[in-house]
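First comes the structure, then the notes that go with it.
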Amino acid sequence: MDIITQLQDQLDEMAVLAVNTFGTLQRDAPPDRLSSSYPDPLNPNPKPEDDSKPQVQAQPGAPPPPPAQAQAQAQPPAPDLTEQPKAMSRALVLAAKKFDALVAAVPLSSEEDQVKRIQELQAENEVVGLELQKQLEAAERELKQVEVLFNEATDNCINFKKLD
């Protein structure tokens with residue numbers, strides 16, 4: 001694979017990593033208030049702490065509700081969201097370093113070197129083109145021979161002639 005294709009592939013990988021990293025950071029970021037003078041968008045009508053918890057009336061014969069401590073233990077622990085952004089950021093930085101290494105590996109040449117290389121490639125193309133032309137002419141001669149033989153064979157079959 002040539003260096004330009006490797007650069008394109010690495011750039012694609014960096015774009016995917018960047019999109020995934022930024023998307024994850026946006027998805028997992030905790031809400032933040034811009035100013036204390038703005039109302040909380042998640043709770044537009046703040047009430048005292050006691051009123052915010054719903055009071056559940058026990059039905060006759062129903063078991064008492066479990067204590068809050070037991071409810072907290074029943075929930076699975078929340079995933080640690082601090083490590084994933086670090087790992088994704090690390091992967092993005094490593095991809096950027098690999099891209100920089102590939103850019104450094106791109107051979108630098110002067111305009112005269114590029115013109116010389118173009119002339120070499122054109123000469124090589126000319127030689128290959130002549131060889132292909134010779135092969136095409138040989139294939140056309142062979143096709144004509146095959147057509148003549150085919151026509152003779154079909155004529156003999158149609159006319160029921162014996163071959164000599």
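FYI, the numbering just counts along the sequence from 1.
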Please report the shortest heavy-atom distance between [X] and [Y], naming the atom on each side.
X: Ala18; Y: Leu92; result: N-CD1, 3.8 Å
X: Asn20; Y: Thr24; result: O-OG1, 2.8 Å
X: Val106; Y: Ile3; result: CG2-CG1, 3.8 Å

For [X], is the [atom1] atom crowded, meaning more than 12 foreign heavy atoms sit under 6.0 Å from it?
X: Glu111; atom1: CD; result: no
X: Glu126; atom1: CD; result: no
X: Gln114; atom1: CD; result: yes

Say you draw a straight line from [atom1] of [X] to [atom2] of [Y]; how long is it, rounded to the nearest 0.5 Å?
X: Gln10; Y: Leu17; atom1: CD; atom2: CG; answer: 8.5 Å
X: Leu102; Y: Thr5; atom1: CG; atom2: OG1; answer: 11.0 Å
X: Leu94; Y: Met14; atom1: CG; atom2: CE; answer: 11.5 Å
X: Gln135; Y: Leu130; atom1: CD; atom2: CG; answer: 11.5 Å
X: Leu136; Y: Arg141; atom1: CG; atom2: CZ; answer: 10.0 Å
X: Phe99; Y: Gln6; atom1: CZ; atom2: CD; answer: 11.5 Å

Under 4.5 Å between any side-chain heavy atoms of [X] and [Y], yes or no?
X: Glu124; Y: Leu121; answer: yes
X: Lys116; Y: Glu112; answer: no
X: Val148; Y: Lys144; answer: no

Looking at Arg117 and Glu120, is there a salt bridge between them, counting it only when a charged N and a carboxylate O are closer than 4.0 Å?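 Salt bridge between Glu120 and Arg117, a charged N being under 4.0 Å from a carboxylate O: yes.
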Do you know which of Lys86, Gln84, Arg90 makes side chain to side chain contact (heavy atoms under 4.5 Å, CB included) with Met88?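 Between Met88 and the candidates, side chain to side chain contact (heavy atoms under 4.5 Å, CB included) is satisfied uniquely by Gln84.
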Pairing residues for Asn125 by the side-chain contact (heavy atoms from CB on, under 4.5 Å) criterion, not counting sequence neighbours: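 Scan of Asn125 (side-chain contact (heavy atoms from CB on, under 4.5 Å), adjacent residues dropped) gives none.
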Linking I/L/V/M/F/W/Y whenever any side-chain heavy atoms sit under 4.5 Å apart, do Ile4 and Leu11 land together?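 They do share one cluster, since a chain of ILVMFWY contacts under 4.5 Å joins Ile4 to Leu11.
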